[in-house]
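Each remark here refers to the structure printed beneath this line.
Index from 1, following the sequence. Any value given below was found using the heavy atoms of this structure, including those in side chains, with hydrogens, waters and symmetry copies removed.
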Amino acid sequence: IVPSFPVVTKLSSVHSGFGKIRCADDTVYSDVVGVVALSTDFYTTEELLENVVAEVHILQIGKVLRAYRKAKDVRFRTWSDWGDTQYEDIPLSSNYKAWASQIQPLFGGLDVFAIDVLQVEGGKEVILGIHTVGCGLADHHANEDATLIIEMILRKVDNRRKEIKSYATFS
């Protein structure tokens, strides 16, 4: 099936801009498919959104929910933005809160997760991905976020220890 162009072809489980190829037309797409056919990994193809105005990162740690906007120009991800992305805090929209409340209960309940969103011209927002590991902490909240994660883990370990101790008492 030949898609409508331009598209992005993604190889395997990709993240951070890796494993993605921009295909402007069927010639490039045909070349990519020919190379990917030699791999044992799967690939997907999706519409390339060229009118993206911002990337948003929504992060939930326990009961704390934050949203950040990527503070520099958004372009197709390249090596040039590796490691130097800066984020600015933005207000939590009703969409962000609703998405987080729908994602949190998955898999028995997620304590830490992130949602990556593309904001497109005209106000449309598209969820790019949901992450449960490698969520990425923004530099300006990293210490506070790390503390939240550590405290949450210690609470869970302590609760589990109490459960085990209680169980051992009754056996």
| Where is the tightest heavy-atom contact between Leu65 and Tyr96, given as atom of each residue plus distance? | CD2-O, 4.4 Å
| What distance separates Phe42 CZ from Leu11 CG, expressed to the nearest 0.5 Å? | 8.0 Å
| query | Would Val35 and Ile21 show up in the same hydrophobic cluster when neighbours are defined by side-chain heavy atoms closer than 4.5 Å? | reply | no
| query | Of all heavy-atom pairs between Arg22 and Val28, which one has the smallest distance, and what is that distance? | reply | O-CG1, 3.8 Å
| task | Kindly indicate, with the supporting measurements, whether the criterion side-chain contact (heavy atoms from CB on, under 4.5 Å) is fulfilled by Asp89 and Tyr68. | result | CA-CA 4 Å; Asp89 292 340; Tyr68 314 101; 3.2 Å; yes
| query | When rounded to the nearest 0.5 angstrom, what distance separates CG in Asp145 from CZ in Arg66? | reply | 4.5 Å
| request: Kindly work out whether a path of hydrophobic side-chain contacts (I/L/V/M/F/W/Y, heavy atoms less than 4.5 Å apart) joins Leu59 to Ile130. | output: no
| note | Output for pair (Glu144 CD, Thr147 OG1), nearest 0.5 Å, gives 7.5 Å
| message | Ignoring hydrogens, what is the shortest heavy-atom contact between Ala67 and Pro91? Give both atom names and the distance. | response | CB-O, 4.4 Å
| said: Let me check something: do Trp99 and Leu106 share a hydrophobic cluster, defined by ILVMFWY side-chain heavy atoms less than 4.5 Å apart, either directly or through other members? | reply: yes
| Passes salt bridge (charged side-chain N to carboxylate O under 4.0 Å, His left out), Arg155 versus Asp158? Steps please. | CA-CA 5 Å; Arg155 267 192 315 276; Asp158 191 51; over 6 Å; no
| Heavy-atom closest pair, residues Val36 and Tyr43 | CG1-CD2, 3.1 Å
| query | Nearest heavy-atom pair of Tyr87 and His140: which atoms, and what distance? | reply | O-CE1, 3.4 Å
| Got Gln60 and Ile103 here, is their nearest side-chain heavy-atom distance under 4.5 Å? | no
| Any link between Ile61 and Val157 through a network of hydrophobic side chains (Ile, Leu, Val, Met, Phe, Trp, Tyr) touching at under 4.5 Å? | yes
| Are Leu92 and Val117 in one and the same hydrophobic cluster, where Ile, Leu, Val, Met, Phe, Trp and Tyr link if side-chain heavy atoms are under 4.5 Å apart? | yes
| field | Between CD on residue Gln119 and NZ on residue Lys70, distance to nearest 0.5 Å | value | 13.0 Å
| task | Applying side-chain contact (heavy atoms from CB on, under 4.5 Å) between His57 and each of Ile90, Ile115, Asp116, report the one that passes. | result | Asp116
| remark: Output for pair (Asp25 CG, Ser30 OG), nearest 0.5 Å, gives 10.0 Å
| request: State, with a plain yes or no, whether a side-chain heavy atom of Leu118 is found less than 4.5 Å away from one of Glu55. | output: yes
| said: Are Met152 and Leu148 packed together at the side-chain level, in the sense that at least one heavy-atom pair is separated by less than 4.5 angstrom? | reply: no
| Could you give the distance from CG (Leu154) to CG (Asn159), rounded to the nearest 0.5 Å? | 11.0 Å
| query | Between Thr9 and Cys23, which heavy-atom pair has the shortest distance, and what is it? | reply | OG1-SG, 3.7 Å
| Asp111 side chain near Lys156 side chain, heavy-atom distance below 4.5 Å | yes
